[in-house]
Asks: 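Pasting a structure below so you can have a look.
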Amino acid sequence: MVMGMWNAHEIQSQLAIINGQKAPDILIENATYLHSIFKKWMKGNIWIHGDRIIYVGEKLPVQLEGTERVDASGKKIVPGYIEPHVHPFQLYNPETFADYASRRGTTTFLSDNLILFTMFNQETAYTFIDQLNKLPFSFYWWARVDSQTVLQNEQMLFNPEDIAKWLNRSDVLMTGELTGWPRLLQGDQNMMTSLINSKRKGKKIEGHLPGASERTLTRMKLLGVDGDHEAMTVDEVERRLTQGYAVTLRHSSIRRDLPDLLAGILKKDWAVFDHLMMTTDGSTPSFYKEGVMDQCIQIALDAGVVPIDAYQMASYNVARYYDITDLHSVIGTGRYATFNFLEDEWNPVPTDVLSKGQWVLRDGKATEPFRAVDWSMLPAFELPYELGDNDFSFPASTGIQMVNDVITKVYETEHDLTKPVISASDECFLLLLDKHGKWRVNTMLKGFADNLQGFASSYSNTGDVLLIGQNWEEMKRAFNEIKKMGGGMAVAENGRIVETLPLDVAGGLSKQPMNVIMEQELAMKHVLQERGYHHGDAVFTLLFLQSVHLPHVRITPVGLVQVLKNERLIPNIER
């Protein structure tokens, strides 16, 4: 089915309701609702059949037999919230994240396809999406054109032909985000071909341009980039708006920028709120205890943003930018019946949520969890090899020093790297191990912990294994534990496993509900903090150790790489 198209039988049923021959499924009476086009509160009745709004206005249906009648007196109704920039693979998965987010009113998601593109074949990826589409939420996708790390087969994997197959999908609305934009400026033909194809198909192109100068922003705009979510200061917001970018303001577990950005915009008295969006940018699970887009809306309200503008930034502005207002963010005839009931406009946490005509939250109580994905179709995480002492040979004294959660620099260790134990130091051994056992990269990591004997994680940018610690035997023990679990994280110490976080979907995701994942994440972070991790978010550190869209040194499948110089400091080693 083409996205948003109803078949002839459905349309005839909808028209029969208007003609008084059939009753609607749900009637919302005495509604005070936000009309996104007029930008004002309006009153009326809302007729719903299946997943669609049939009519909004003063009239009542002729037929009401079997209709669920809901009196919305005293409530405010707003369109369902949209998360326009989701990385739905941060320990949680798209199904569990959507189920959780929907209870707080976020029911539409524009999601990163990187994991689907790199880890699964196309048929499996599309089957996964088809199953998600059985849920009463709206999933849209990006089409990535780079890996955000350095892969041995990057050009072969991210080829224009396979990317074009994603761009042909009606549920793919965006190309990017362009973490590898320096390659584009250097003339990468694969990437340029995909961007041209994207423009021809009417897809938006999202940048990833932290700290970009006016010159860089200008060049990237000429190369086709439409929007960016990396503004960290009001000046950077102004720079992007001046160049004609769509600007998405971020509030995430590692960049809590939104309050300051909004305060600065209000102070400058810019009338730009129709051109702004908001995102939580794929935060780690426990961040969402405070909500998803409802959290962003509340921050905007607290900053002094006019309520209608605050809600539009999390709904209509997104839908208008991505040209999906025929389905989303207008409480009007023909759209999805997706909206939130509020006590008042000052509290964005809904009392009731209707998503595609199904109740997700009713009188403050969540309905049963929605499940549709058959996880057995995804490949199991298996490590077909054992670790030996020969895997702990370190060819150079060069290593990675952490500046904060995600920024690094090169350093030189003075430790004797032939000795299997490090004591009284904030330095750890660091290995990246191919999940298939074909290669390894050995280096050092300074500033991650000062009393960590062994830690292993199959959660990483590439799905390979990160091994960190100060004791080779305990590092092996942690490795063996995640091997036994079928993926996840493990901390080993003094001959035993002290904490685990199972990730039973392909070694990178959990099938557990969000509330369970939150507690497991916090427990693992607590154990790492006790052993010297003092930065903000250890999960993001693990993810970004391989990410070459940030300076200065990263561990990748081809070796230890100095990003800005595009120089390999330590090559990978065949096992």
Side-chain angles (χ1 to χ4, degrees), residues 3-4 51 79-116 125-142 171-174 252-253 278-297 314-315 318-319 322 324 327-329 336-340 348-350 352-362 366-375 377-378 503 505-506 508-518 521:
M3 295 296 293
D51 61 0
Y81 310 145
I82 304 175
E83 221 316 352
H85 193 94
V86 188
H87 300 269
F89 304 101
Q90 308 290 44
L91 306 183
Y92 46 79
N93 65 70
E95 182 178 61
T96 53
F97 180 71
D99 191 82
Y100 174 82
S102 68
R103 318 299 174 161
R104 305 281 294 238
T106 303
T107 46
T108 299
F109 310 90
L110 188 52
S111 301
D112 189 355
N113 78 326
L114 182 61
I115 298 298
L116 300 182
Y126 294 166
T127 299
F128 177 76
I129 290 173
D130 290 341
Q131 291 184 355
L132 287 176
N133 288 338
K134 295 175 182 177
L135 299 169
F137 314 121
S138 296
F139 293 94
Y140 298 99
W141 298 91
W142 317 351
D171 55 359
V172 171
L173 305 182
M174 179 183 105
S252 73
S253 51
M278 299 185 287
T279 181
T280 58
D281 198 8
S283 294
T284 45
S286 58
F287 174 84
Y288 291 111
K289 285 193 170 189
E290 301 301 316
V292 188
M293 295 313 295
D294 57 302
Q295 179 180 179
C296 292
I297 295 167
S315 57
V318 183
Y322 286 106
I324 53 173
L327 298 175
H328 298 279
S329 297
Y336 282 133
T338 299
F339 36 79
N340 301 326
V349 180
D352 305 82
V353 176
L354 193 70
S355 185
K356 287 188 172 180
Q358 295 190 46
W359 292 109
V360 172
L361 188 73
R362 194 74 178 94
T367 58
E368 288 298 310
F370 294 98
R371 296 287 180 262
V373 175
D374 174 14
W375 294 108
M377 69 176 175
L378 301 182
L503 297 172
V505 179
L509 311 174
S510 173
K511 288 184 284 193
Q512 295 297 318
M514 280 286 284
N515 62 321
V516 174
I517 305 168
M518 287 175 181
E521 174 212 4

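Everything numeric here is computed off the predicted structure, so don't read it as measured data.
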Asks: Just by distance, do the side chain of Y81 and the backbone of P348 share a donor-acceptor pair under 3.5 Å?
Replies: yes
Asks: T107 side chain to F137 main-chain N or O, any donor-acceptor pair under 3.5 Å?
Replies: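 Not at all, since once roles are kept as given, no pair shorter than 3.5 Å links the two residues.
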Asks: Would you give the length of the straight line joining atom CD1 of I324 to atom CG of D171, rounded to the nearest 0.5 angstrom?
Replies: 11.0 Å
Asks: Under the ring-ring contact (aromatic ring centres under 6.0 Å, His included) rule, collect the residues that match up with F128, sequence neighbours excluded.
Replies: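 For F128, the residues satisfying ring-ring contact (aromatic ring centres under 6.0 Å, His included) (neighbours in sequence not counted) are W375.
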Asks: Hey, is the main chain of G105 close enough, under 3.5 Å, to the side chain of N340 for a donor-acceptor pair?
Replies: yes
Asks: Could you work out, with side-chain hydrogen bond (donor to acceptor under 3.5 Å, both in side chains) as the rule, every residue matching T367, not counting sequence neighbours?
Replies: R103
Asks: Could you tell me which non-hydrogen atom of D281 sits nearest to which non-hydrogen atom of E83, and how far apart they are?
Replies: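 For D281 versus E83, the nearest heavy atoms are N-OE2, 3.7 Å.
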Asks: Grab the two heavy atoms, one from A372 and one from L135, that are nearest each other, plus how far apart they are.
Replies: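 Nearest heavy atoms, A372 then L135: CB-CD2, 3.7 Å.
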Asks: Output yes when a side-chain donor or acceptor of D99 lies under 3.5 Å from a complementary backbone atom of F370, and no otherwise.
Replies: yes
Asks: So do T338 and P79 actually touch side chain to side chain, heavy atoms under 4.5 Å?
Replies: no
Asks: What distance do H85 atom NE2 and M174 atom CE have between them, rounded to the nearest 0.5 Å?
Replies: 6.0 Å
Asks: How far apart are the C-alpha atoms of I115 and N113, what are their side-chain angles, what is the distance that settles it, and do they pass the side-chain contact (heavy atoms from CB on, under 4.5 Å) test?
Replies: CA-CA 6 Å; I115 298 298; N113 78 326; over 6 Å; no
Asks: So, taking the atom named NZ in K289 and the one named CE in M514, what distance separates them when rounded to the nearest 0.5 Å?
Replies: 10.5 Å
Asks: Rounded to the nearest 0.5 Å, what's the gap from CD on E95 to CZ on R371? Could you check?
Replies: 5.0 Å
Asks: Rounded to the nearest 0.5 Å, how far does CG of L116 lie from CD1 of I129?
Replies: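 Rounded to the nearest 0.5 Å, the CD1-CG separation comes to 5.5 Å.
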Asks: Provide the closest heavy-atom pair for P285 versus I517 in the form atom of the first, atom of the second, distance.
Replies: CG-CG2, 3.7 Å
Asks: Who are the side-chain hydrogen bond (donor to acceptor under 3.5 Å, both in side chains) partners of D352, not counting sequence neighbours?
Replies: K75, R362
Asks: Would you check if the side chain of S355 reaches a backbone N or O of P136 as a donor-acceptor pair within less than 3.5 Å?
Replies: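 Answer holds: yes.
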Asks: Output, in order, the C-alpha distance, side-chain angles, deciding distance and verdict of side-chain contact (heavy atoms from CB on, under 4.5 Å) for T108 and Y140.
Replies: CA-CA 8 Å; T108 299; Y140 298 99; 3.9 Å; yes
Asks: How many angstroms lie between atom CD1 of I297 and atom OG of S315, to the nearest 0.5 angstrom?
Replies: 7.0 Å
Asks: Compare every heavy atom of L132 with every heavy atom of P94, then report the nearest pair and how far apart it is.
Replies: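 That closest heavy-atom pairing would be CB-CD1, 3.8 Å.
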Asks: Indicate the atoms forming the closest heavy-atom contact of K511 with N93, along with that distance.
Replies: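 It is CA-ND2, 4.0 Å.
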Asks: What do you reckon, are the aromatic ring centroids of Y92 and Y100 less than 6.0 Å apart?
Replies: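 Distance test on ring centres: not under 6.0 Å, no.
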Asks: State which residue, out of T280, T106, N515, fulfils the side chain to side chain contact (heavy atoms under 4.5 Å, CB included) condition with Y288.
Replies: T280
Asks: Test your reading of the model: is there a side-chain donor-acceptor pair from S283 to the backbone of S253, 3.5 Å cut-off?
Replies: yes
Asks: Any non-hydrogen side-chain atom of V292 less than 4.5 Å from a side-chain atom of F97?
Replies: yes
Asks: Identify the two heavy atoms, one from P84 and one from V318, that lie closest to each other, and give their separation to 0.1 Å.
Replies: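 Closest heavy-atom pair between P84 and V318: CB-CG1, 3.7 Å.
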Asks: Please check this pair: side chain of E521 against backbone of T284, looking for a donor-acceptor N/O pair closer than 3.5 Å.
Replies: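 Here the side-chain-to-backbone pair does not exist.
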Asks: Could you go through H87 and W142, starting from their C-alpha distance and side-chain angles, then the distance that decides it, and tell me whether this counts as side-chain contact (heavy atoms from CB on, under 4.5 Å)?
Replies: CA-CA 10 Å; H87 300 269; W142 317 351; 3.4 Å; yes
Asks: Quick one, I82 with Y322, criterion side-chain contact (heavy atoms from CB on, under 4.5 Å). Give me CA distance, side-chain angles, the key distance, then yes/no.
Replies: CA-CA 11 Å; I82 304 175; Y322 286 106; over 6 Å; no
Asks: Do E290 side-chain atoms and Q295 backbone N/O form a donor-acceptor pair below 3.5 Å?
Replies: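 Checking the backbone N and O of Q295 against the side chain of E290, no donor-acceptor pair under 3.5 Å is found.
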